[in-house]
Number of protein chains: 2
Amino acid sequence: MKKKITIVDIANHLGITPSAVSKAFSDHPRISDKTKKAVRQAAEQLGYHQNTLATGLRRGRSGLIGVLVPGIHFSFFSTIIKAIEETLSEKGYSVIISQSRDQLAKEIRQLDNLMKAQVEGVIASVSLETNNSAHFQKICKRIPVVLFDRTLRDLEVSKVVVDDYMGSIKAVDHLVEKGYRRIAHIGGLSHVEPFRIRQEGYRAGMQKHGLEILEGYEQSSKLTVADGESIMNDLLKLPSPPDAIYAASDLPAYGVIKCLKERGIAVPQEVGVVGFSNEAYTEMVSPTITTLEQHSENMGLIAAKSMLEQLQHQYDDKEYVPQQSTLTPKLVIRESSNRK
Amino acid sequence: MKKKITIVDIANHLGITPSAVSKAFSDHPRISDKTKKAVRQAAEQLGYHQNTLATGLRRGRSGLIGVLVPGIHFSFFSTIIKAIEETLSEKGYSVIISQSRDQLAKEIRQLDNLMKAQVEGVIASVSLETNNSAHFQKICKRIPVVLFDRTLRDLEVSKVVVDDYMGSIKAVDHLVEKGYRRIAHIGGLSHVEPFRIRQEGYRAGMQKHGLEILEGYEQSSKLTVADGESIMNDLLKLPSPPDAIYAASDLPAYGVIKCLKERGIAVPQEVGVVGFSNEAYTEMVSPTITTLEQHSENMGLIAAKSMLEQLQHQYDDKEYVPQQSTLTPKLVIRESSNRK
DNA sequence: TTGTAAGCGTTATCAA
DNA sequence: TTGATAACGCTTACAA
């Protein structure tokens, strides 16, 4: 491995001082154009890369932003991270990613690592196990924090969420309009914000139409395909089985359809199905699945912009008031609920 | 924002010197247990986080690894990054991600940013536009580089790839065994390593069975669903249309099936289809798609381990010889090719 | 067992 | 227009 080139090397090379080189790089107004040109050329020639560790140490700004999610292999999260990285790298920041694997202990450890790396801000979606905000409370006293999707109720920071309540209302409205009446809900773990709210919205939607939520119509799960299948199986055993399912995620919606197909129950004619997230496969499977688009890419963009804004406020020493951005989910009507 | 706590604060708090505090943290043998305990406690109490910028600067090791991919929203890449992050964070490294968006210019810029951030190594999969290795040549002189999947032929670094050649052979063998004879190939851009090799494998497979590759049976594309559809459409217009398609990726394979279904051509009875990658949806759509599993998670793991190994060699000042790890793809037989 | 002091690469403040 | 110097927070010989 070759030795590292520093501004001292460039300075020696040109017979000037490191200080002048530094100023040349930052386009200092009182450095001659000739020197600036010479410096850039020497840098190119010697293969110089500014050491942002040193710059960061000196200026108290690392240029690093931490992103913490349950797992980046979920397309929802990876899409968001894509947008975040694009937006932040545009502004000269680097993005450190870390995963909680949906474990609180790991989330705490990872947050700690991010702090050690001197990130200037953290954008996060909390783990399924996260039931208190103590670890985030400490952080957000020091640096800007933006939470998205899976947020923490008692944390006063900027948040980006989709209007889960309205999403549920839209789903129920649609099913009712299509003539379904006995609508069941397959929810996620209810201590997680979006899932709690989706359930509330479901209830409100049912009430709005004067529909009763029968015993056993509200199920909670980990939202896997298998969960969808087994819950649908159970629902069919009910004295009055549902004629429609609104699932809080696409995977269980697919599981439900799989179960129904195997039992020869026609979708959407006999049973209607609506999912949540608009994952790519919802328009590939058959029947294609009606679902709620939550604009993940946009969510990442907004989260990143909110972070940039807070950072800016900090440099300007202005006060920043946390904001919540709520995106309106869009119902994408496909075959699984679209009966005549 | 509160002021930052440093070892100086801890030292003052305890009436000792920063040097003692530093040693206490690194578990120096000649520091009393009493002091160590006191230091840890004070750190906890004051909310201290080690500043890895400073540590990195001092020790010449940032603890940062850069990962550069075309885009993290592709499930293949996000799965790999997941494994990389898990493996590296285990060993105390942080992972900076960056995306090339399949543009050479952006790849160069991002690599430069990673160098500035003083990453200790780079794990990358190159962009579709990358047709020369100059930018990587410079980097790999300085720090360890590991390439995966989309590698560069003339770059002598460690690589992790799937045996694309054998994958193609397996696909063709399987199709032939199922009685298909007029097998066409939908490939990717052939200047990209894996796609070039898949095509070679396809040719070798055909030859092995004494099958002729008819005019128009070899198609190159950007591997989208739409590409699959339109190419299949064209293929059907051929004087002797194929009775099987081997696509270099799952998306076009799906597109092919979509086209065939619309035209009422039975899959797999009339035409067989095989894809590549084993994306999640291949077992969700109908018919389910026969495809090649490329063990992405494992690929990430191996890439990360290779990086760790090189880093270790570097600290030990031992020579490291670049290695190529080749994973054997596994044919996952599903409905789209499994006729009786 | 702990303290002293120099230095990692950079930038900001002053002086020249 | 440029140079000298101190400092950012930490580590590490060496000294005490």
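Keep in mind it's a predicted model, so treat the numbers as computed, not measured. Chain letters run A, B, ... following the sequence lines, proteins first and then strands; every chain starts at 1.
Taking atom NZ on B/Lys23 and atom P on D/dT12, their separation rounds to 10 Å, with Å as the unit. If you measure from atom CZ of B/Arg30 to atom C1' of D/dA15, you get 11 Å, rounded to the nearest angstrom.
The shortest distance between side-chain heavy atoms of A/Thr326 and A/Val162 does not fall below 4.5 Å. Side-chain contact between B/Leu46 and B/His13 is present, with heavy atoms from C-beta onward closer than 4.5 Å. Looking only at side-chain heavy atoms (C-beta outward), A/Thr130 and A/Leu152 come within less than 4.5 Å of each other. Looking only at side-chain heavy atoms (C-beta outward), A/Leu155 and A/Cys140 come within less than 4.5 Å of each other.
The number of heavy-atom neighbours closer than 6.0 Å to CD of A/Glu156, taken from other residues, nucleotides and ligands shown, is 12 or below.
Identified under the ring-ring contact (aromatic ring centres under 6.0 Å, His included) test for residues 98-127 of chain B, with sequence neighbours left out: none.
Ion pairing between B/Lys82 and B/Glu86 holds under the 4.0 Å rule for side-chain N and carboxylate O. A salt bridge is defined here as a Lys NZ or Arg NE, NH1 or NH2 lying under 4.0 Å from an Asp or Glu carboxylate O, and A/Arg101 with A/Glu107 fails to meet this definition. Comment: A/Glu120 engages A/Arg61 in a salt bridge, judged by a side-chain N to carboxylate O separation of less than 4.0 angstrom.
An end-to-end axis angle of 40° holds for the helix from C/dT1-D/dA16 to C/dA16-D/dT1, taken from five base pairs per end and rounded to 10°.
The closest side-chain donor-acceptor pair between A/Asp149 and A/Ser125, if any, does not fall under 3.5 angstrom. Residues B/Ser158 and B/Tyr320 bring a donor and an acceptor atom of their side chains to less than 3.5 Å of each other. A side-chain donor-acceptor contact under 3.5 Å links B/Glu85 and A/Gln99.
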request  = Please test A/Asp112 against A/Lys138 for salt bridge (charged side-chain N to carboxylate O under 4.0 Å, His left out), starting from the C-alpha separation and ending with a verdict.
outcome  = CA-CA 10 Å; A/Asp112 199 61; A/Lys138 274 189 254 165; over 6 Å; no
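With a cutoff of under 4.0 Å to any heavy atom of chain B, the contacted region of DNA chain C is bounded 5' to 3' by C/dT1 to C/dG9.
The residue among A/Ile5 and A/His28 whose nearest nucleotide of DNA chain C lies closer to the 5′ end is A/Ile5.
Sorted by residue number, the members of residues 47-66 of chain A with any non-hydrogen atom under 4.0 Å from DNA chain C read A/Tyr48, A/Gln50, A/Asn51, A/Ala54, A/Thr55, A/Arg58, A/Arg59. Of the residues in residues 7-22 of chain B, those with a non-hydrogen atom less than 4.0 angstrom from any atom of DNA chain C are B/Ile16, B/Thr17, B/Ser19, B/Ala20. Of the residues in residues 33-42 of chain A, A/Thr35 come within less than 4.0 Å of DNA chain D through at least one heavy atom, sorted by number.
The residue from B/Val122, B/Leu114, B/Asn113 that alone fulfils the side-chain contact (heavy atoms from CB on, under 4.5 Å) condition with B/Ile96 is B/Leu114. With B/Ile72 as the partner, the side-chain contact (heavy atoms from CB on, under 4.5 Å) test is satisfied by one option alone out of A/Ile80, A/Ile81, A/Ile97, A/Val95: A/Ile81.
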